[in-house]
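Notes follow once the structure below has been shown.
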Amino acid sequence: MPLLLVSVVNDREARQAMTAGADWIDIKQPARGSLGMADADAICTAVQAIAGERPVSIALGELVKWNDTAALEPQQFAGVARVKVGLAGTAPGGKWQPEWRDRWLSLCESLPAGVEPVAVHYADWLLCDAPSFDELLSAALTAGCSSMLIDTYYKSGRSLVHHYTTSELTELVRRAHQSGLEFVAAGSLRFEHLPTVIAAGADIVAVRGAACLTDDRTSPLCAERVEELKKFLAYEPLSDSR
Ligand SMILES: O=C[C@H](O)COP(=O)(O)O
């Protein structure tokens with residue numbers, strides 16, 4: 001059964017998500033975009049609240065907006081296992097095309113020891129000028145990533161399963177696994193999409209909107225919804241071996 005990753009904006013939501021059963025805690029500021037970065041103090045207090053009880057990832061925004069002055073100090077990565085940077089606007093007609101790969105790899109190399117980059121492929125890559133799955137997979141292997149996330153850049157109602165069919169998703173999971181990468185599925189996923197991503201073989205299901213009070217991902221986290229998501233993912237049908 002896939003693990004549940006829940007994105008939170010602060011320490012209060014981090015505690016709520018853990019109590020409600022989230023396996024991974026992801027810290028971000030959804031009002032700043034798909035992979036919007038939270039303020040450094042919000043990251044710090046959330047990591048303190050998590051206190052090592054769950055693995056933690058943080059979102060660092062988009063590579064095209066990244067600059068070194070926005071970087072966190074090495075000590076601010078304490079307690080963080082993985083970081084995510086989006087690649088919208090980098091290819092094929094994007095700002096740094098074709099340099100996105102070198103720039104992303106160099107950001108990955110600059111991470112403190114013990115902090116791993118997550119290779120993020122946007123399912124709506126054609127709409128947001130991001131690299132294809134193949135390009136990302138190749139870069140992920142060069143960077144030594146152990147996981148790949150598929151998310152959506154635009155949060156306007158179309159989810160991951162609108163961009164990839166079940167068989168396409170299954171093939172992407174197979175290829176990630178074949179390369180030794182864990183597969184994290186995200187992108188405006190709702191309850192009704194979970195059977196598809198489970199069937200495709202995702203290792204982790206990552207949500208923000210579906211875990212909020214309303215489906216608006218900028219609304220507050222709702223502990224009951226996190227509990228329901230966890231229950232759904234933990235459900236294992238009885239085998240039909242009567
Ligand atoms: O890491 C995953 C994202 O936070 C997913 O957000 P979303 O469910 O609102 O698309």
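Keep in mind the model is a prediction, meaning the values are calculated, not measured. Both counts, for ligands and for their atoms, begin at 1 and track the order of listing.
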(request) Determine the minimum heavy-atom distance between Ile198 and Pro2, stating which atoms define it. (result) CG1-CG, 3.8 Å
(request) Provide the closest heavy-atom pair for Ser7 versus Glu13 in the form atom of the first, atom of the second, distance. (result)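 Looks like O-OE1, 4.4 Å.
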(message) Considering non-hydrogen atoms of the protein only, which is the closest contact for atom 8 (O) of ligand 1, and what is the distance?
(response)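 Protein heavy atom with the smallest distance to atom 8 (O) of ligand 1: Arg208 N, 2.8 Å.
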(message) Could you identify the single nearest non-hydrogen protein atom to atom 2 (C) of ligand 1 and state the distance to 0.1 Å?
(response) Lys28 NZ, 3.5 Å
(message) So, regarding Lys155 and ligand 1 (criterion: nitrogen or oxygen to nitrogen or oxygen, under 3.5 Å), is there a contact or not?
(response) yes
(request) State whether the shortest distance between N or O atoms of Thr152 and N or O atoms of ligand 1 falls below 3.5 angstrom. (result) no
For ligand 1, which atoms sit closer than 4.0 Å to a heavy atom of [X]?
X: Ala186; result: 2 (C)
X: Lys84; result: 1 (O)
X: Ser7; result: 1 (O), 2 (C), 3 (C), 4 (O)
X: Val207; result: 8 (O)
X: Asp26; result: 1 (O)

(request) Tell me, please: is Ala210 in heavy-atom contact with ligand 1, that is, under 4.0 Å? (result) no
Using atom types as modelled and distance alone, determine if a side-chain donor or acceptor of [X] lies under 3.5 Å from a backbone N or O of [Y].
X: Ser179; Y: Leu181; result: no
X: Asp39; Y: Asp41; result: no
X: His163; Y: Leu160; result: no

(request) Name the option, out of Ser188, Ala206, Ser159, Gly209, that contains the heavy atom nearest to atom 10 (O) of ligand 1. (result)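 Of the listed residues, Ser188 has the closest heavy atom.
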(request) Answer yes or no: does atom CZ of Arg12 have more than 12 heavy-atom neighbours from other residues, nucleotides or ligands under 6.0 Å? (result)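 Atom CZ in Arg12 is not crowded, with 12 or fewer foreign heavy atoms closer than 6.0 Å.
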(message) Is the contact between Arg217 and ligand 1 made by the side chain, the backbone, both, or neither, using heavy atoms and a 4.0 Å cut-off?
(response)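 For Arg217, the contact with ligand 1 is made by the side chain alone.
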(message) Can you tell me which portion of Asp151 lies within the under-4.0 Å heavy-atom range of ligand 1? Options are side chain, backbone, both, or neither.
(response)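 It is the side chain that gets close, since no backbone atom is under 4.0 Å.
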(request) Decide, yes or no, whether a salt bridge links Lys230 with Glu227 under the criterion of side-chain N to carboxylate O below 4.0 Å. (result) no
(message) Does the plane of the ring in Phe133 sit parallel, tilted or perpendicular to the ring in Phe183? Use 30° and 60° as the thresholds.
(response) tilted
(request) Report the C-alpha separation of Glu171 and Arg174 in whole Å, then their side-chain angles, then the decisive distance to 0.1 Å, and conclude whether the salt bridge (charged side-chain N to carboxylate O under 4.0 Å, His left out) test is met. (result) CA-CA 5 Å; Glu171 176 59 12; Arg174 189 195 67 74; 2.8 Å; yes
